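Structure, as structure tokens:
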Amino acid sequence: MLITKAPKGTQDILPQEVYKWHYIENIMRDTAKKFNFKEIRVPTFEHTELFLRGVGQTTDIVNKEMYTFEDKGNRSITLKPEGTAGVARAFLENNLNQGALPVKMYYVNSPVFRYERPQKGRFREHHQFGIELFGAQSAYADAEVIMLAKTLLKELGLKSVSLKLNSIGCPKCRPNYNEVLKDYLRDNIDQMCGTCKERFETNPLRILDCKVEGCKTIVKDAPKTVEHLCEECSDHFETLKGVLSELGEEFDIDPLIVRGLDYYTKTVFEFITDTIGAQGTVCGGGRYDNLIEEIGGNSLPAVGFGMGMERLLLTIEAAGTVIPQPQKIDVYFAAADDDAKDMIAIKLAELRKEGLIAEMDIMGRSLKAQMKYANKIDCRFVAIIGSDELQKGTVILRSMENGDQKEMKIEELLEAVK
RNA sequence: GUGAUUGUAGCUUAGUCGGUUAAAGCGCCAGGUUGUGGCCCUGGAGACCGUGGGUUCGAGUCCCAUCUUUCACCCCA
């Protein structure tokens with residue numbers, strides 16, 4: 001019973017719907033290409049240590065959501081719970097930091113695994129499109145990354161997705177801010193939820209992200225990260241906002257978005273929609289200037305984002321956007337008699353060689369059944385050949401759209417269906 | 001991990017206070033004479049009623065457990 005059931009939180013993408021994926025993948029590739037990002041493909045699993053160090057020990061992802069196991073060589077292995085760490089590892093391992101900077105890379109359809117309770121827009125395995133830009137500390141790099149996401153969403157015709165922007169500072173100013181925040185919260189600590197009490201010590205910034213009503217009201221008037229940035233972070237943020245405004249791009253400053261991964265510094269952003277249920281974050285990203293150093297490299301700035309492809313598809317569907325259907329079948333060969341089959345096989349191969357989509361009966365069906373089948377699979381033409389046609393060297397070509405049919409020399413078939 | 005929700009043919013569902021061979025529509029397959037689709041008509045295949053226990057003379061119908069579905073919390077894409 002269980003062997004005919006996909007594991008919880010996973011899903012099959014069936015032949016009749018895969019064209020939707022191809023559609024968004026193509027737009028993703030085209031968009032990345034215009035921005036001169038090159039594709040990188042990295043493993044589906046990595047050493048667990050990479051995520052402990054990269055994503056951060058205090059995060060929920062690392063604490064309770066990773067698919068971690070020991071392989072037969074006693075290595076601790078983890079199915080990747082996000083895309084950035086693996087790409088950063090590959091970047092370092094292959095010495096891409098020794099070449100010309102910046103290095104701009106993207107990935108599509110990259111599987112991501114997290115042990116979660118599935119719900120709308122949330123799965124245990126989902127797929128991400130993402131980009132990573134290594135080596136540039138300028139706010140124009142942030143702008144480029146954000147603009148790529150914006151362009152992509154525009155290409156997909158999505159208007160319901162809005163950009164939320166924030167800056168959470170850097171190792172220089174974050175500690176100061178944490179103190180300011182803790183001072184503010186200290187009086188109300190008793191009224192906050194259990195996890196927030198813990199966060200107060202481990203990662204006070206995450207309290208801003210708490211969804212518990214009580215905590216939300218306490219946090220509402222809390223000091224904001226953007227008001228306590230050091231000069232460098234502040235300048236960076238101002239420049240970014242300036243560029244986006246100059247470009248005429250809309251965004252909201254949301255002081256409460258802080259992101260759930262520890263590697264973020266300075267800029268953080270999310271693209272959010274309210275059209276696909278409770279899980280509305282379609283794209284999330286930001287700057288991670290410390291990650292490369294954290295996993296053993298030199299100090300090197302970087303920015304990027306991850307975009308959930310399932311959520312993107314849900315958003316497209318919710319918007320009522322019609323994704324172009326795949327191409328129709330050009331010709332279906334129907335055999336009126338079995339002795340025509342060899343000739344049909346030859347003509348079939350010829351048409352396919354010319355790039356046409358062609359089929360013949362391989363089920364041994366009657367002519368009538370072949371016609372019905374051809375109708376069902378949506379063909380432009382049916383080419384009928386039986387003993388008579390075989391002798392005359394002809395074929396009957398029937399249009400399945402209007403029912404017109406005529407007999408022609410078999411050599412004329414290719415021209416007629418092109 | 002928490003709360004709620006679902007589970008009958010491939011799909012969508014019906015199944016009366018527990019009572020004999022579990023229905024229907026769609027889909028699938030085959031026919032409706034002489035080599036041809038879409039409509040219509042006829043027939044056929046197809047269900048261990050999620051699974052395991054229990055109550056009962058008897059359970060798809062009641063009870064328990066478990067798995068599964070879906071939605072929300074949490075978290076995130």
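All of these numbers come straight from a predicted model, not from anything done at the bench.
- Residue-to-nucleotide contacts include a donor-acceptor pair under 3.5 Å from the side chain of A/Arg398 to the base of B/G37.
- Nearest to the side chain of A/Lys368, among B/A4, B/G37, B/G35, sits B/G37.
- When distances are taken from the side chain of A/Lys8 to each of B/C76, B/U68, B/G31, the shortest belongs to B/U68.
- Pair assignment for B/U66 gives B/G50, based on Watson-Crick or G-U wobble hydrogen-bonding distances that are each under 3.5 Å.
- Nucleotides B/U61 and B/U55, compared at atom P, are 15 Å apart to the nearest Å.
- Relative to the side chain of A/Leu261, the nucleotides B/C75, B/G35, B/A77 differ in distance, and B/A77 lies closest.
- Summary of the strand contacts: A/Asp388 and A/Glu401 both lie near RNA chain B, and taking for each the nucleotide with the nearest heavy atom, the more 5' one is attributed to A/Asp388.
- Using the Watson-Crick or G-U wobble rule with both distances under 3.5 Å, B/U20 pairs with nothing in any strand shown.
- Candidate nucleotides B/U36, B/U2, B/C75 were compared by shortest atom distance to the side chain of A/Arg199, and B/C75 ranks first.
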Inset, instruction - Go through A/Arg114 and A/Glu82 one step at a time and tell me if the salt bridge (Lys or Arg N to Asp or Glu O under 4.0 Å) criterion holds. - result: CA-CA 9 Å; A/Arg114 303 216 266 252; A/Glu82 58 91 55; over 6 Å; no

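- Counting distance only, with no hydrogens placed and no angle test, the side-chain atoms of A/Arg311 and the base atoms of B/C76 include a donor-acceptor pair under 3.5 Å.
- Annotation: B/A9 and B/A22 have their C1' atoms spaced 11 Å apart (nearest Å).
- In this structure, the CZ atom of A/Phe123 is 10 Å from the C1' atom of B/A77, given to the nearest Å.
- Note: A/Tyr288 and A/Phe134 have perpendicular aromatic rings, judged against thresholds of 30 and 60 degrees for the angle between ring planes.
- Figure legend: cation-pi geometry between A/Lys182 and A/Phe200, with NZ or CZ positioned under 6.0 Å from the six-membered ring centre and within 45° of its axis.
- The base of B/G38 is not paired with the side chain of A/Asn375 by any donor and acceptor separated by under 3.5 Å.
- Residue-to-nucleotide contacts include a donor-acceptor pair under 3.5 Å from the side chain of A/Arg122 to the base of B/C74.
- More than 12 heavy atoms of other residues, nucleotides or ligands lie within 6.0 Å of CZ in A/Phe69, so this atom counts as buried by the packing criterion.
- Using atom P as the reference point in both B/G27 and B/C64, the two lie 41 Å apart (nearest Å).
- With hydrogens and angles left out, the side chain of A/Gln370 and the base of B/U36 share no donor-acceptor pair within 3.5 Å.
- Stacking of A/Arg124 on the aromatic ring of A/Tyr115 is recorded, both the 6.0 Å distance cut-off and the 45° axial limit being met.
- Base pairing analysis places B/G43 opposite B/C29; the two distances defining the Watson-Crick or G-U wobble pair are each below 3.5 Å.
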